[in-house]
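Take a look at the structure set out below.
Order of appearance sets the numbers: ligands from 1, and atoms from 1 within every ligand. Just so you know, residue 1 is the first one in the sequence shown, and it goes up from there. Atoms considered below: every heavy atom in the structure, side chains included; atoms not considered: hydrogens, waters and symmetry mates.
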Amino acid sequence: MKLGEKLYEGKAKILYATDVPDQLLTFFKDDATAFNAQKKGSIRGKGEINNAISAHLFKLMASKGVPTHFISLPSPTQMLVKAVTIIPLEVVVRNIAAGSLCKQTGLALGTNIQPPLVEFYLKDDALGDPLLTPDRLRLLNLATPEEVETLTRLALTINDVLRDFFNQCEITLVDFKLEFGRDRTGQILLADEISPDTCRLWKQGEPDPQKRVLDKDRFRQDLGDVEGGYRQVLDRVLGQAV
Ligand code: ADP
Ligand code: MG
């Protein structure tokens with residue numbers, strides 16, 4: 001497999017073409033951004049950590065029948081994936097209230113959400129990734145109603161699998177963001193990444209609300225030792241076989 005041209009550089013990853021049709025290489029960067037890239041920084045080792053965590057979790061999903069873009073890990077910072085056309089929706093699942101949900105609704109941080117909430121945001125940095133109502137989702141027609149049903153079902157299945165898995169790691173899955181795409185045949189695959197950049201993860205048995213945070217909130221809120229949080233997730237995730 002040979003590295004082809006650089007197709008896109010995002011906030012956390014760079015996408016390269018390869019000499020194999022329909023296969024792309026994603027390079028995971030140490031760069032970190034928050035609040036729609038208003039806050040920028042770098043987290044040492046993040047690229048390797050997120051690549052390894054994502055790979056492990058994509059394998060877990062495949063073992064549970066959730067189709068993903070994951071193919072292999074050619075190097076510690078590179079993931080070979082199936083090329084998809086990304087559906088420009090961020091699918092967010094919430095088990096516990098945090099982040100923008102608390103800000104926008106007044107719900108207290110840590111409120112349990114049962115059944116889990118599935119939300120669709122428009123993936124558009126220039127527009128600030130706005131939350132979509134069901135009517136706006138239909139209006140924009142970025143996914144057919146059948147596809148929206150599939151995305152919702154997959155998101156809830158992924159939540160069940162991830163929540164159980166993280167529980168075994170003694171980590172609470174607060175919420176997370178998913179991206180999906182269509183392959184050449186129109187099949188919907190889970191794409192992008194599942195990592196402490198895209199999940200809120202709280203260490204169980206840690207009463208201190210700052211110390212328990214193992215995810216990008218350490219960076220967003222300047223809680224310190226961001227790398228340490230990410231590494232704890234990595235160690236615990238890799239310690240659980242899939
Ligand atoms: P962004 O700054 O847009 O969040 P990232 O740096 O996180 O970008 O990732 C790079 C881009 O790669 C994202 O736009 C993401 O949607 C896209 N992407 C992820 N997986 C795939 C895939 N399998 N095929 C095509 N594009 C993908
Ligand atoms: Mg991204």
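Nearest to atom 8 (O) of ligand 1 among the protein's heavy atoms is Gly10 CA, 3.6 Å. Protein heavy atom in closest approach to atom 20 (N) of ligand 1: Asp192 N, 3.2 Å. For atom 3 (O) of ligand 1, the closest non-hydrogen atom of the protein is Lys123 NZ, 3.0 Å.
For the pair Glu193 and ligand 1, the shortest N or O to N or O distance does not fall below 3.5 Å. For ligand 1, one of its N or O atoms has an N or O atom of Ala12 under 3.5 Å away. Considering backbone and side-chain atoms alike, Leu24 places every N or O at 3.5 Å or more from each N or O of ligand 1. For ligand 1, the polar-atom distance check finds no N/O of Asp125 at less than 3.5 Å from any of the ligand's N/O atoms.
Heavy atoms of Glu179 found under 4.0 angstrom from ligand 1 belong exclusively to the side chain. Contacts with ligand 1 closer than 4.0 Å are made by heavy atoms of both the backbone and the side chain of Lys13.
Classified by interplanar angle (parallel below 30°, tilted 30° to 60°, perpendicular above 60°), the ring pair His69/Phe58 is perpendicular.
Cation-pi check for Lys46 over Tyr230 is not met; the charged atom does not lie both under 6.0 angstrom from the ring centroid and within 45 degrees of its normal.
Taking each of Asn50, Leu7, Ile86, Thr198 in turn, the one with a heavy atom nearest to atom 18 (N) of ligand 1 proves to be Ile86. Between atom 4 (O) of ligand 1 and the options Lys29, Lys11, Glu9, the minimum heavy-atom separation is to Lys11. Among Asp129, Leu15, Val84, Asp183, the residue whose heavy atom lies closest to atom 24 (N) of ligand 1 is Val84.
The 12-atom threshold is exceeded at NZ of Lys29, counting heavy atoms of other residues, nucleotides or ligands nearer than 6.0 Å. More than 12 heavy atoms of other residues, nucleotides or ligands shown are found within 6.0 angstrom of NZ on Lys39.
To the nearest 0.5 angstrom, Asp215 atom CG is 5.5 Å from Leu201 atom CG.
In the vicinity of Val81, heavy-atom distances shorter than 4.0 Å reach the ligand 1 atoms 23 (N).
For the residue pair Glu193/Ser195, the side-chain donor-acceptor check at 3.5 Å is satisfied.
Across all non-hydrogen atoms, the minimal contact from Ala55 to Met79 is N-CE, 3.7 Å.
A donor-acceptor pair under 3.5 Å is absent between the side-chain atoms of Arg200 and the main chain of Asp175, judged by distance alone. Panel note: side chain Asp31, backbone Ala12; no donor-acceptor pair is recorded below 3.5 Å.
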